Number of protein chains: 2
Amino acid sequence: MEGAGRNGQKKRVRRQSPERVLQRDPERTRAAILEAATKEFAENGIGGARVDAIAERAGTNKRMLYHYFGDKEQLYLRVLEEAYVGIRTAERELHIGDRTPEEGIGELALFTWRYFLKHPEFLSLLGTENLHRARWLRQSVRLKELHSHLIGELADVLERGKKAGVFIANADPLNVYLTIASLGYFYLSNQYTLSTIFGRDLAEPGNLNAWERHIVHVTLASISA
Amino acid sequence: MEGAGRNGQKKRVRRQSPERVLQRDPERTRAAILEAATKEFAENGIGGARVDAIAERAGTNKRMLYHYFGDKEQLYLRVLEEAYVGIRTAERELHIGDRTPEEGIGELALFTWRYFLKHPEFLSLLGTENLHRARWLRQSVRLKELHSHLIGELADVLERGKKAGVFIANADPLNVYLTIASLGYFYLSNQYTLSTIFGRDLAEPGNLNAWERHIVHVTLASISA
DNA sequence: CCATCAGGTAACTGTTTAGTTACAGCTTTG
DNA sequence: CAAAGCTGTAACTAAACAGTTACCTGATGG
């Protein structure tokens with residue numbers, strides 16, 4: 001509507017910001033970009049995320065983003081990798097093998113649920129990545145070994161439970177983990193449509209607590225001898 | 001790189017396609033747009049979906065899309081509503097009340113799993129809509145009443161099971177449905193990242209069948225007296 | 001049998017977007 | 001302390017995008 005701000009001339013006017021005396025800190029800038037990108041990708045998906053928005057949220061600009069991370073897709077992969085490292089690192093510190101088998105499984109179920117509850121951006125990122133059939137995660141080399149530890153530890157707990165006569169013989173560690181993760185993931189990631197169609201606010205504390213108890217109950221019921 | 005195809009002149013050159021003798025069919029065009037949009041939104045999310053791509057997939061053009069559906073967001077809501085109508089309509093035809101309580105619950109679990117398996121685009125749409133916190137679904141007036149039927153029917157089955165002494169007393173119909181849906185949704189919608197990180201192809205027929213049996217087993221175990 | 005209108009095409013437009021570039025202040029080191 | 005390289009800014013550009021417009025063509029009904 002208003003006059004043309006863009007014309008053919010290649011003239012560039014430089015202006016220096018006179019007051020800007022901010023301390024330099026590459027590590028801080030890098031971390032700020034990563035955190036801002038995590039939020040932006042989690043909120044909008046990879047197609048909806050805006051590079052300008054990430055730069056602005058990080059309090060920097062696109063030049064730095066491209067300097068540190070290459071391009072939008074590489075930045076996205078970095079965000080995704082860090083998200084996985086986050087949950088698997090916290091999970092390791094549980095040491096579910098140090099308890100009775102039932103307590104160990106219950107502890108893992110509680111931890112998973114509460115981690116999902118505290119980190120909705122992790123759930124969103126998983127959703128986005130699966131929408132694209134793990135197109136970026138597949139290219140990651142860092143993550144393959146991160147997950148064998150979990151399955152191994154879980155297999156040990158199930159084996160001890162079986163020998164103690166409290167768990168069924170054919171409980172598969174992957175299936176047990178998928179059961180726990182399913183119940184937490186679906187409830188939280190789909191809470192918005194579910195609350196809408198069923199007319200009950202799933203985010204209400206009473207409902208959240210009931211579902212937490214439900215997860216532990218269902219998980220144990222599914223493998224109890 | 002090549003010469004400017006666009007200049008300031010407002011001249012428009014019209015050309016008529018000489019061979020195009022296609023039969024007119026507004027209903028077919030409308031349906032084609034809806035189907036194409038379902039695929040495009042399911043594959044790319046709302047931010048990644050391209051209006052041009054939808055028009056091309058439907059074998060028509062943007063003019064018709066805007067003519068029939070208003071804009072991109074209204075088209076998206078239509079797609080979402082149709083997806084819900086699809087599953088709820090099929091579900092109604094099950095008549096889970098016509099069987100024993102255990103069979104009824106098992107039947108519902110099997111139906112839900114198989115419907116998710118056959119309609120991956122439904123899962124993708126749910127994921128997209130939840131990423132945006134049900135922003136569009138909330139505006140829908142058509143869907144509120146579509147879901148009370150399911151919960152009512154399920155409540156009846158649980159009550160009969162309780163009276164027959166096969167189900168526990170405090171089984172909540174919504175929780176039972178959420179349990180069934182959780183186990184199916186998570187396994188299928190997250191199969192790509194899960195297969196990648198755990199190094200096991202979840203889409204392999206043997207694994208799919210094992211999980212189908214697992215869902216029925218877990219659901220019944222969680223409510224059995 | 002022609003006036004009207006719904007169905008249809010494709011070029012067009014203003015804006016947004018990912019990615020680049022010209023430039024400049026810090027910071028380090030020979 | 002000066003050259004070189006790293007951190008940072010903001011304007012720039014080509015392409016892509018959602019949405020519009022000019023125009024055309026079959027069908028329909030008075």
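Source: prediction; values computed, not measured.
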Taking only side-chain nitrogens and oxygens of [X], does any of them come within less than 4.0 Å of OP1 or OP2 of [N]?
| X | N | result |
| --- | --- | --- |
| A:Y68 | D:dC6 | no |
| B:N61 | C:dT9 | yes |
| B:T29 | C:dG7 | no |

(message) Run the side-chain contact (heavy atoms from CB on, under 4.5 Å) test against A:R200 and tell me which residues pass, sequence neighbours left out.
(response)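 Scan of A:R200 (side-chain contact (heavy atoms from CB on, under 4.5 Å), adjacent residues dropped) gives A:N207, B:D172, B:L174.
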(message) The criterion is side-chain contact (heavy atoms from CB on, under 4.5 Å); which residues satisfy it with B:A31, sequence neighbours excluded?
(response)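 So B:A31 forms no side-chain contact (heavy atoms from CB on, under 4.5 Å) with any residue.
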In residues 46-53 of chain B, what donor-acceptor pairs under 3.5 Å come from side-chain atoms, sequence neighbours left out?
| from | atom 1 | to | atom 2 | distance (Å) |
| --- | --- | --- | --- | --- |
| B:R50 | NH1 | B:G47 | O | 3.3 |
| B:D52 | OD2 | B:K62 | NZ | 3.4 |

Side-chain atoms of residues 117-127 of chain A: list all donor-acceptor pairs with protein atoms under 3.5 Å, sequence neighbours left out, distances to 0.1 Å.
| from | atom 1 | to | atom 2 | distance (Å) |
| --- | --- | --- | --- | --- |
| A:H119 | ND1 | A:Y115 | O | 3.1 |
| A:S124 | OG | A:P120 | O | 3.3 |

(request) Name every residue in residues 37-58 of chain A that has at least one heavy atom under 4.0 Å from any atom of DNA chain C, in order of residue number, or write none if there are no such residues. (result)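 Hits under 4.0 Å, by residue number: A:A49, A:R50, A:V51, A:D52.
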(message) Quick check for you: among D:dA10, C:dG19, D:dG19, whose closest atom lies nearest to any side-chain atom of A:R63?
(response)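 Side chain of A:R63 sits closest to D:dA10.
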(request) For the side chain of B:T60, starting at C-beta, report the closest nucleotide among C:dT9, D:dT7, C:dA18. (result)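 Comparing C:dT9, D:dT7, C:dA18 against the side chain of B:T60, the answer is C:dT9.
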(message) Does anything in residues 127-141 of chain B form a side chain to side chain donor-acceptor pair (under 3.5 Å)? List the pairs, not counting sequence neighbours.
(response)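 Residue pairs with at least one partner in residues 127-141 of chain B: A:T193-B:N130, B:E73-B:W136, B:Y76-B:E129, B:E81-B:S140.
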(message) Under a 3.5 Å cutoff, is there a donor and acceptor pairing between the side chains of A:S222 and B:H214?
(response)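 Per modelled atom types, A:S222 and B:H214 side chains form no pair under 3.5 Å.
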(message) Quick check: any donor-acceptor pair below 3.5 Å linking the side-chain of B:K62 to the base of D:dA18?
(response)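 In this structure, the two groups form a donor-acceptor pair.
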